[in-house]
Amino acid sequence: LGATYRVVQAANGRDGLRLAIQLIPDLILSDWLMPELDGVGFCRALKADERTSHIPFVLLTSRSSQPSQLQA
């Protein structure tokens, strides 16, 4: 993706949230399992903030159970 788009990476969910608020990206791809703030918490924080609530969010995970799908 880096050849066509500007890609910004974060080391963990908290850094990702900080960068999302600072940069207001067009799309966020996130893993579910991250240190400091997991993907579900990251998504909730983004959607609760008026500045970032409009950003499309794709949550990647290897979890396949129905409760995990419903939580996401």
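Environment of CG in L1: sparse, with no more than 12 heavy atoms of neighbouring residues, nucleotides or ligands closer than 6.0 Å.
Pairs engaging residues 8-27 under the ring-ring contact (aromatic ring centres under 6.0 Å, His included) rule: none recorded [sequence neighbours left out].
Of all the heavy atoms in W32 and D38, the pair that sits closest is O-CB, 3.3 Å. For S30 against G39, the heavy-atom pair with the smallest separation is OG-CA, 4.0 Å. P25 and A20 make their closest contact through CD-O, 3.5 Å (heavy atoms, listed as atom of the first residue, atom of the second, distance).
Looking at residues two or more places apart in sequence or on another chain, you find a salt bridge (charged side-chain N to carboxylate O under 4.0 Å, His left out) between R51 and D49. For D15, the salt bridge (charged side-chain N to carboxylate O under 4.0 Å, His left out) criterion is met by no residue, not counting sequence neighbours. Shown here are the side-chain contact (heavy atoms from CB on, under 4.5 Å) partners of Q22, two or more places apart in sequence or in another chain: R18, L19. The side-chain contact (heavy atoms from CB on, under 4.5 Å) test applied to L37 returns R14, L17, F42, not counting sequence neighbours.
A continuous path of hydrophobic side-chain contacts links F57 to L33 [ILVMFWY only; heavy atoms under 4.5 Å].
D31 CG to L59 CG: the interatomic distance, rounded to the nearest 0.5 Å, is 7.5 Å. How far CD1 of I55 is from CG of L27: 9.0 Å, rounded to the nearest 0.5 Å.
The main-chain N or O of T52 is never found under 3.5 Å from a side-chain atom of K47 such that the two would form a donor-acceptor pair.
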